[in-house]
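This chain uses plain numbering: 1 for the first residue, then up along the sequence. What you see below is based on every heavy atom in this structure, not just the backbone, and it leaves out hydrogens, waters and symmetry mates.
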Amino acid sequence: VQKDAHDMVILHLAAGDRGSTEAILALKGDHRLKSMPIVVVADSDLDAVKNEVIATFHIPVVARPWAAEALLDTVSSELMK
């Protein structure tokens, strides 16, 4: 997690990947970054742990294969909150 905050994080979650889940937990655990929007692009076969993290933090998911319009709509919606 960087010291300088950004506007948003877009993460790709894949079935065997643990790094992205740990990144979400690190971002949400840092009081300086926890309000930063996160959007997840994910495969449909995520395990229960990944689904629980996504649900716990109410993170919007764009399913793969994704369309550019769907991702842009989700990003726009999150930035407007």
Side-chain angles (χ1 to χ4, degrees):
V1 177
Q2 288 186 344
K3 223 168 53 170
D4 300 325
H6 300 283
D7 293 331
M8 170 178 275
V9 173
I10 300 173
L11 290 173
H12 174 238
L13 285 183
D17 176 29
R18 293 192 188 272
S20 296
T21 304
E22 290 173 3
I24 292 170
L25 294 173
L27 289 165
K28 294 302 183 180
D30 185 322
H31 72 280
R32 299 166 298 160
L33 303 173
K34 68 181 177 182
S35 64
M36 182 172 37
I38 298 173
V39 172
V40 165
V41 176
D43 299 329
S44 60
D45 58 348
L46 295 180
D47 60 41
V49 172
K50 288 178 182 59
N51 284 320
E52 183 178 343
V53 169
I54 290 168
T56 298
F57 296 111
H58 308 285
I59 298 172
V61 177
V62 178
R64 283 181 44 128
W66 54 274
E69 185 174 319
L71 181 59
L72 290 173
D73 286 347
T74 304
V75 165
S76 177
S77 177
E78 287 301 300
L79 289 174
M80 297 300 246
K81 289 183 178 180

### Task
Using modelled atom types only, decide if a donor and an acceptor are shared between the side chain of S76 and the backbone of L72 within a distance under 3.5 Å.
no
### Task
For residues 62-74, pull every pair meeting salt bridge (Lys or Arg N to Asp or Glu O under 4.0 Å), keeping only residues two or more places apart or in separate chains.
D43-R64
### Task
Could you list the residues that satisfy side chain to side chain contact (heavy atoms under 4.5 Å, CB included) with V61, not counting sequence neighbours?
V40, A42, I54
#### Entry: Qualifying residues under salt bridge (charged side-chain N to carboxylate O under 4.0 Å, His left out), relative to K28, sequence neighbours excluded
none
## Note on the structure
Under a side-chain separation threshold of 4.5 Å, the hydrophobic residues clustered together with V62 are M8, I10, V39, V41, W66, L71, V75, L79
### Message
Within the 4.5 Å heavy-atom criterion, are I24 and F57 side-chain neighbours or not?
### Response
yes
### Message
Is there a side-chain contact between E78 and P60 in this structure, where contact means two heavy atoms from C-beta onward sitting under 4.5 Å apart?
### Response
yes
### Residue pairs passing the side-chain hydrogen bond (donor to acceptor under 3.5 Å, both in side chains) test where at least one lies in residues 52-61, sequence neighbours excluded
none
### Task
With sequence neighbours excluded, tell me which residues meet side-chain hydrogen bond (donor to acceptor under 3.5 Å, both in side chains) with N51.
none
### Nearest heavy atoms of L11 and S20, plus distance in Å
CD1-O, 3.8 Å
### Query
Can you tell me how far the NZ atom of K34 sits from the CG atom of L27, to the nearest 0.5 Å?
13.0 Å
### Main-chain N/O of K50 paired with T21 side-chain donor or acceptor, under 3.5 Å
no
